[in-house]
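The structure appears below as structure tokens.
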Amino acid sequence: MADEDIITRINDLAHEEHQLFEKESEGRASTRERERLKDIEVQLDQCWDLLHQRRARRRAGLDPAEARVRDPATVEGYVD
């Protein structure tokens, strides 16, 4: 997957997330939609992590194609 594909995926997920947040803020979100919001959050974190991995590998002179999507427990466990 190319960086551009990852960015497109991030944008698509962010757009869906925005729509669901709007429904949630209006009190119209279903349980399924709230669960989808949580899923989107994880997927966004995974996409950002993958993009950061690819960029770091490229800067280090390594093959960015060797970057892999990390499991949710890993990307959700990061601490600032």
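Residues take their numbers from the sequence shown, with the count starting at 1.
- Screening E17, Q19, H18 for a side-chain hydrogen bond (donor to acceptor under 3.5 Å, both in side chains) involving H15 leaves a single residue, Q19.
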Exercise for the section: With side chain to side chain contact (heavy atoms under 4.5 Å, CB included) as the test, would you mind laying out the steps for V42 and D45 before giving the verdict? Expected result: CA-CA 5 Å; V42 172; D45 288 345; 5.7 Å; no
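- By the side chain to side chain contact (heavy atoms under 4.5 Å, CB included) test, R32 is found to be paired with S30, residues two or more places apart in sequence or in another chain being considered.
- Here F21 is tied into one hydrophobic group with M1, I6, I7, I10, L13, L20, L37, I40, L44, W48, L50, L51, V69, each link being a pair of ILVMFWY side chains closer than 4.5 Å.
- For the pairing with R54, the salt bridge (Lys or Arg N to Asp or Glu O under 4.0 Å) check across D5, D49, D3 returns one residue only, D3.
- Counting heavy atoms from C-beta on, the side chains of T31 and E35 come closer than 4.5 Å.
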Exercise for the section: Begin from the C-alpha positions of E22 and R28 and carry the test salt bridge (charged side-chain N to carboxylate O under 4.0 Å, His left out) through to its verdict. Expected result: CA-CA 9 Å; E22 189 172 313; R28 299 183 301 119; 5.3 Å; no
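- Using modelled atom types and a 3.5 Å distance limit, the side chains of R9 and Q43 yield a donor-acceptor pair.
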Exercise for the section: Carefully, step by step, assess R34 and E24 under the rule side chain to side chain contact (heavy atoms under 4.5 Å, CB included). Expected result: CA-CA 8 Å; R34 285 186 207 95; E24 176 67 15; 3.0 Å; yes
Distance-only donor-acceptor hits, side chain of residues 59-67, under 3.5 Å, sequence neighbours excluded:
residue : atom : partner : partner atom : Å
D63     : OD1  : A65     : N            : 2.9
E66     : OE1  : R57     : NH2          : 2.9

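- Considering NZ of K38 and CD of E76, their distance stands at 12.0 Å, rounded to 0.5 Å.
- Inter-residue side-chain proximity for R70 and Q46 is flagged as unmet; no heavy-atom pair is nearer than 4.5 Å.
- If you check the side chains of D71 and T74, you find a donor sitting under 3.5 Å from an acceptor.
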